[in-house]
Amino acid sequence: MIAVGNIESLPVRSDLVGLKPYGAPHLNVPVQLNVNENAYPLPDVVVDSMRTAVDDHFAGLNRYPDREFTALREHLVTYLNGVNERAGDTVELDPSMIWAANGSNEVLSHIVQAFGGPGRTVLGFTPSYSMHPLITTGTGAEWQHVERKDDFTLDADTVAAEVARANPDIVFLCTPNNPTGTSIGLDVIEAAYDNCSGIVIVDEAYAEFSRPAKSSAMTLLEGRPRLVVSRTMSKAFACAGLRLGYAIAAPELIDVLRLVRLPYHLSEITQVLACTALEHAEVLLGNVDRLIDSRNRMSAHLAEAGFTVHDSDSNFVLFGNIASPADLWQKLLDRGVIIRDIGIANHARVNAGTEEETEAFLSAIDEILAESPDVLLERPQTPTPSSAAPTKGTP
């Protein structure tokens, strides 16, 4: 991480003093399971198509790109129609309802720039994605948060009450939630929308990893002009390095985002590569089920080893009952595996890897527990013969 230095000596905004920039350690280790990337590289057929597509555009780089990213919008509508159909839903989408930017972070930044700012408030339910408050305070808006339940879930009644109490200008809802992996129901989103007059952002960055496929908040867009759904190509599409995020909302909300975007914010190359990736969506998403298998294998193994494991609809697992997350992080790093200490007491997060990476992580966990059983905050109790055997009539 780049050192911030003594910023107090600069005329920096007072609300930025003391904040830490976003970022996980970027270390060159054999097994990198800390930033929720898709562990599988792009298939050769996609790489070849991307190379051919870009070759056709090099000669035109003296011209600015299409600032309305028209072709990309059309490709995203086609893809999203398939997403909704697989979930058993029909949503009327149009290119005018699509926004795209350099990763979902820039999409969220555009929304908060347009509807947040000084004198306005933004509400989130934590723990959640750590960029939400950073994006908020970066615009001069006030960040407010409500803690989730002990199991990190949210229900409609709680959200309705908290949103009505705060009456925020913007509400952030993340599903599946990062870093917990938990999902929320559509009723929770409706409760947030119905109890405020502000913008409701539903961050669905990991939605493709939900199995079975859950209905997207896109199904709620009709008649809700203050609702916006954010997604990304960084995770399921294995295009983190491409930097392409997008949002779906009413055309009038999309129109407002044009007021805050920088000119020609999406390069010609980004648009071409994103369109090519979307043309190969079926191939790129072919590894999603393999990552889900790895996620489920990690969850089962960690639970059996004595950790508490939270249900996940994403490509990562949050697990607890860790005496010192920093100590476990270091022990794994010493064995060539990096995970994420996300700042939740006695918890850590690991993202699903390839079959080989998953095996390396689980083997390292077993080795660490064999050498240092005190890694666990509480040792699992060994069942007595009477408690281990099922009682008569137990299925």
Side-chain angles (χ1 to χ4, degrees), residues 68-70 72-101 104-116 122-125 128-129 132 154 156 159-160 163 168-177 183-208 210 212-233 235-236 244-261 278 281 313:
E68 293 302 320
F69 40 93
T70 307
L72 177 56
R73 278 191 161 106
E74 293 171 352
H75 278 78
L76 284 167
V77 167
T78 299
Y79 169 67
L80 291 171
N81 284 336
V83 167
N84 290 315
E85 288 171 6
R86 283 189 290 276
D89 300 314
T90 300
V91 181
E92 293 295 329
L93 296 177
D94 182 87
S96 65
M97 300 171 67
I98 303 296
W99 187 252
S104 60
N105 288 324
E106 188 176 52
V107 170
L108 298 176
S109 180
H110 286 163
I111 299 167
V112 180
Q113 285 179 56
F115 298 100
V122 179
L123 178 68
F125 295 85
S128 192
Y129 183 35
H132 293 164
L154 286 176
V159 169
V163 170
D169 296 284
I170 298 174
V171 178
F172 270 111
L173 295 171
C174 191
T175 181
N177 185 51
S183 294
I184 58 174
L186 296 179
D187 61 326
V188 177
I189 299 167
E190 291 177 296
Y193 191 93
D194 293 342
N195 283 276
C196 74
S197 58
I199 301 297
V200 176
I201 303 173
V202 183
D203 187 338
E204 292 186 345
Y206 298 91
E208 283 93 346
S210 296
K214 289 180 169 59
S215 292
S216 166
M218 286 183 282
T219 60
L220 302 177
L221 285 172
E222 186 175 358
R224 294 182 175 88
R226 294 180 287 107
L227 179 65
V228 55
V229 184
S230 171
R231 286 184 163 231
T232 184
M233 293 180 68
K235 310 302 180 181
L244 197 290
Y246 57 97
I248 313 99
E252 54 265 38
L253 190 151
I254 299 299
D255 281 342
V256 176
L257 302 185
R258 290 183 172 87
L259 301 176
V260 297
R261 61 120 177 249
L278 288 161
D313 282 321

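Because only heavy atoms are used, hydrogens play no part in the values below, and waters and symmetry mates are left out as well, while side chains stay in. Along the sequence shown, residues are numbered consecutively beginning with 1.
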(message) How about CD on E252, more than 12 heavy atoms from neighbouring residues, nucleotides or ligands closer than 6.0 Å, or not?
(response) yes
(request) Only one of V77, V83, N81 passes side chain to side chain contact (heavy atoms under 4.5 Å, CB included) with Y79; say which it is. (result) V83
(request) Kindly say whether I248 contributes a backbone atom to a donor-acceptor pair with the side chain of R231 at under 3.5 angstrom? (result) no
(request) Answer whether the closest heavy-atom distance between the side chains of M233 and Y246 falls below 4.5 Å. (result) yes
(request) Using a 4.5 Å cut-off on heavy atoms from C-beta on, say whether the side chain of L278 contacts that of T78. (result) no
(message) With a 4.5 Å cut-off on side-chain heavy atoms, are P176 and K214 touching?
(response) no
(request) Identify the two heavy atoms, one from M218 and one from V91, that lie closest to each other, and give their separation to 0.1 Å. (result) O-CG1, 3.6 Å
(request) Can you label the angle between the F69 ring and the W99 ring as parallel, tilted or perpendicular, going by 30° and 60°? (result) perpendicular
(request) Only one of D313, I189, N177 passes side chain to side chain contact (heavy atoms under 4.5 Å, CB included) with I184; say which it is. (result) I189
(message) Return the CD1 to CG distance between I199 and D169, rounded to the nearest 0.5 Å.
(response) 9.0 Å
(message) Could you check whether any side-chain N or O of E204 sits under 3.5 Å from a backbone N or O of V229, counting only pairs where one atom can act as donor and the other as acceptor?
(response) no
(request) Would you sort out whether L93 and N84 count as a side chain to side chain contact (heavy atoms under 4.5 Å, CB included), showing the intermediate values? (result) CA-CA 10 Å; L93 296 177; N84 290 315; 4.0 Å; yes
(request) From the options D203, L173, I201, select the one residue that forms a side chain to side chain contact (heavy atoms under 4.5 Å, CB included) with H132. (result) D203
(request) State, with a plain yes or no, whether a side-chain heavy atom of I254 is found less than 4.5 Å away from one of I98. (result) no
(request) Not counting sequence neighbours, which residues clear ring pair (Phe, Tyr, Trp, His ring centres under 6.0 Å) with F115? List them please. (result) none
(request) Can you see which heavy atom on A192 is nearest to which on V171, and at what distance? (result) CB-CG1, 4.4 Å
(request) Starting from the C-alpha separation in whole Å, work towards a yes-or-no answer on side chain to side chain contact (heavy atoms under 4.5 Å, CB included) for L72 and L244. (result) CA-CA 10 Å; L72 177 56; L244 197 290; 4.0 Å; yes
(message) Could you measure the distance from the CD atom of E106 to the OG atom of S230? Nearest 0.5 Å is fine.
(response) 11.5 Å
(request) Mind listing the closest non-hydrogen atom pair of T219 and S216 along with its distance? (result) OG1-O, 2.7 Å
(message) Check R258 with E68, please: is the shortest side-chain N to carboxylate O separation under 4.0 Å?
(response) yes
(message) What's the separation between atom CG in L123 and atom SG in C196, rounded to the nearest 0.5 Å?
(response) 8.5 Å
(request) Check A156 against V188 and note the closest heavy-atom contact, atom names and distance. (result) N-CG2, 3.7 Å
(request) Determine the minimum heavy-atom distance between N195 and A160, stating which atoms define it. (result) ND2-CB, 3.4 Å
(request) Could you check if a side-chain atom of V122 sits within less than 4.5 angstrom of a side-chain atom of P168, using non-hydrogen atoms only? (result) no
(message) Has S104 got a side-chain atom pairing as donor or acceptor with T232's backbone, closer than 3.5 angstrom?
(response) no
(request) Quick one: which residue pairs count as a salt bridge (charged side-chain N to carboxylate O under 4.0 Å, His left out) with a foot in residues 74-97, not counting sequence neighbours? (result) none
(message) How close do I170 and G116 get, counting heavy atoms only, and between which atoms?
(response) CD1-N, 3.7 Å
(request) In sequence, state the C-alpha distance, the side-chain angles, and the governing distance for V163 and F125, and then conclude on side chain to side chain contact (heavy atoms under 4.5 Å, CB included). (result) CA-CA 10 Å; V163 170; F125 295 85; 4.2 Å; yes
